[in-house]
Amino acid sequence: MTTSDPTVGELSEGQVLRGVLDRLGPTRAEVGPGDDAAVLTAVDGRIVATVDTLVHGPDFRLAWSSAFDLGWKAAAVNLADVAAMGARPTALLVALAMPDETRLSFVTALADGLRAACEALAPGCTVEGGDLAVSDTLTIAVTAIGSLDGVAPVLRRGARPGDVVALAGEAGVAGRGLGILFDRFRDAEGHPVPVDAKRLRAGEAALIGAQLRPAPPIGLGPVAARAGATAMMDVSDGLALDASRMAEASGITIDLAVDALGDDPASALRGGEDHALLAAFPPGDPLPPGFRPIGQALARGASPVLVDGVPFAGRGGWDPYQDWDAARG
């Protein structure tokens, strides 16, 4: 056994689990990790629950992401889904399947990333359980749970003609970072290679950081709900694509304003993984702090999404079944 940094294949499940739990900090559940299941409390008897899975290859590359990055991102993408319902994240359940040659230090660093993301993005949310398994492909599956705290959930389907369409968070930044990784940090065969900071231009480190460690505005989900948001969703697959999903669910058309999309509208429309919050609010009501207007809901027309009144052409985002890339690194 490599005593300084053993692989998970050299340890028992209990030893690996202890290494993880030691990094996650105290539990806030009535019953937390260590039993057959966690026991959580819900303020008003209702909970919001969601699950997302990150798989080595289509979702991340170890050549580009550290273990801490992966833990952070696995938490962030799930916290954003809870926030998009208007709920406050309270707990994560994490299932980790990994090759047996994975070092224990990698697992503990991933746990550090999970804890850090919760502390930074959703204070009070903690990892309350999960599962460990062996797999040829590193896979991180997270279930996130949230409390509505007495407010109604905000769904995708509630937007109405006349509503103001608004955004909290970034649009297109993480996509630009991913573009840098694919364009500049692969070898001649297309395999990912580690990022060399010396090859980055001014501002590009921040773009890559937005891809590897997204920081969605989790706390603004409940704020939007209390401000009367009629519809809301997490922008994970691209603003144009996700706006079309809200429009389809609500039976409306969304007209986005180019001049509200920043200095790179094309990236804002097509780039994904920023996990911003897209919401609709009744006309005339002040937008809650942190949200900025980017368009308007109209009566349903021939196209679900317009840009400055012109139908948006193309899919405008990421579809895992059409855009999947099997390469690893």
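What's counted below: heavy atoms across the whole structure, side chains too, no hydrogens, waters or symmetry copies.
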Visitor: Salt bridge or not for K198 and D196, using N-O below 4.0 Å?
Guide: no

Visitor: Roughly how far, to the nearest 0.5 Å, is CG of D255 from OG of S303?
Guide: 9.5 Å

Visitor: Might you point out which heavy atoms bring A117 and L79 nearest each other, and give the distance in Å?
Guide: O-CD1, 4.3 Å

Visitor: Examine V82 and L93 and state if one hydrophobic cluster contains both, with Ile, Leu, Val, Met, Phe, Trp and Tyr joined whenever side-chain heavy atoms are less than 4.5 Å apart.
Guide: no

Visitor: Any side-chain heavy-atom pair from R61 and F185 closer than 4.5 angstrom?
Guide: no

Visitor: Would you check if R176 and L207 make a side-chain contact, meaning some heavy-atom pair closer than 4.5 Å?
Guide: yes

Visitor: Show, in sequence, the C-alpha distance, side-chain angles and deciding distance for H56 and T139, and conclude whether the side chain to side chain contact (heavy atoms under 4.5 Å, CB included) test is met.
Guide: CA-CA 6 Å; H56 184 214; T139 303; over 6 Å; no

Visitor: Could you check if a side-chain atom of Q296 sits within less than 4.5 angstrom of a side-chain atom of V164, using non-hydrogen atoms only?
Guide: no

Visitor: Taking it one step at a time, do V48 and I145 satisfy side chain to side chain contact (heavy atoms under 4.5 Å, CB included)?
Guide: CA-CA 6 Å; V48 168; I145 296 169; over 6 Å; no

Visitor: Would you compute the distance between atom OG1 of T108 and atom CG of L110 and round it to the nearest 0.5 angstrom?
Guide: 9.0 Å

Visitor: Could you grab the distance from atom CG of D69 to atom CH2 of W64, nearest 0.5 Å is fine?
Guide: 13.0 Å

Visitor: Indicate if M233 and I294 have the same hydrophobic cluster label, given that clusters are the connected sets of ILVMFWY residues with side-chain heavy-atom separations under 4.5 angstrom.
Guide: yes

Visitor: Please report the C-alpha distance between I140 and V94 in whole Å, then the side-chain angles of each, then the deciding distance to 0.1 Å, and finally whether the side chain to side chain contact (heavy atoms under 4.5 Å, CB included) criterion is met.
Guide: CA-CA 7 Å; I140 309 160; V94 182; 4.3 Å; yes

Visitor: Between R201 and E204, does at least one N-O distance fall below 4.0 Å, as a salt bridge requires?
Guide: yes

Visitor: Salt bridge (charged side-chain N to carboxylate O under 4.0 Å, His left out), that's the test. Do R245 and D237 meet it? Break it down for me.
Guide: CA-CA 10 Å; R245 290 167 174 163; D237 295 328; 2.8 Å; yes

Visitor: Working to the nearest 0.5 angstrom, can you tell me the gap between R46 CZ and D149 CG?
Guide: 9.5 Å

Visitor: Is there a continuous path of hydrophobic side-chain contacts, each under 4.5 Å between heavy atoms, that joins L11 to L132?
Guide: yes

Visitor: So do the side chains of V142 and T50 get within less than 4.5 Å of each other, counting heavy atoms only?
Guide: no

Visitor: Kindly determine whether L261 and L239 satisfy side chain to side chain contact (heavy atoms under 4.5 Å, CB included), including the steps that lead there.
Guide: CA-CA 10 Å; L261 300 180; L239 179 58; 3.7 Å; yes

Visitor: For Q211, look at atom CD and say whether over 12 heavy atoms of other residues, nucleotides or ligands are found less than 6.0 Å away.
Guide: yes

Visitor: Quick one, R156 with E248, criterion salt bridge (charged side-chain N to carboxylate O under 4.0 Å, His left out). Give me CA distance, side-chain angles, the key distance, then yes/no.
Guide: CA-CA 9 Å; R156 298 181 181 188; E248 295 283 5; over 6 Å; no

Visitor: Kindly indicate whether the side chain of L181, heavy atoms from C-beta on, has any atom under 4.5 Å from the side chain of P192.
Guide: no

Visitor: Are L256 and M246 connected in the hydrophobic side-chain network, where two residues link if heavy atoms are under 4.5 Å apart?
Guide: yes

Visitor: Taking C-beta and beyond as the side chain, do V77 and H275 meet within less than 4.5 Å on heavy atoms?
Guide: yes

Visitor: What distance separates L70 CG from F68 CZ, expressed to the nearest 0.5 Å?
Guide: 11.0 Å

Visitor: Around atom CZ of R157, are there more than 12 heavy atoms from other residues, nucleotides or ligands closer than 6.0 Å?
Guide: no

Visitor: Any link between V193 and L212 through a network of hydrophobic side chains (Ile, Leu, Val, Met, Phe, Trp, Tyr) touching at under 4.5 Å?
Guide: yes

Visitor: For the CD atom of E101 and the OG1 atom of T7, what is their distance to the nearest 0.5 Å?
Guide: 8.0 Å

Visitor: Is any side-chain heavy atom of W72 closer than 4.5 Å to a side-chain heavy atom of L121?
Guide: yes

Visitor: Could you please spell out the steps behind the salt bridge (charged side-chain N to carboxylate O under 4.0 Å, His left out) verdict for R115 and D112?
Guide: CA-CA 5 Å; R115 179 178 181 178; D112 287 340; over 6 Å; no

Visitor: Is the shortest heavy-atom distance from the side chain of V165 to the side chain of L278 under 4.5 Å?
Guide: yes

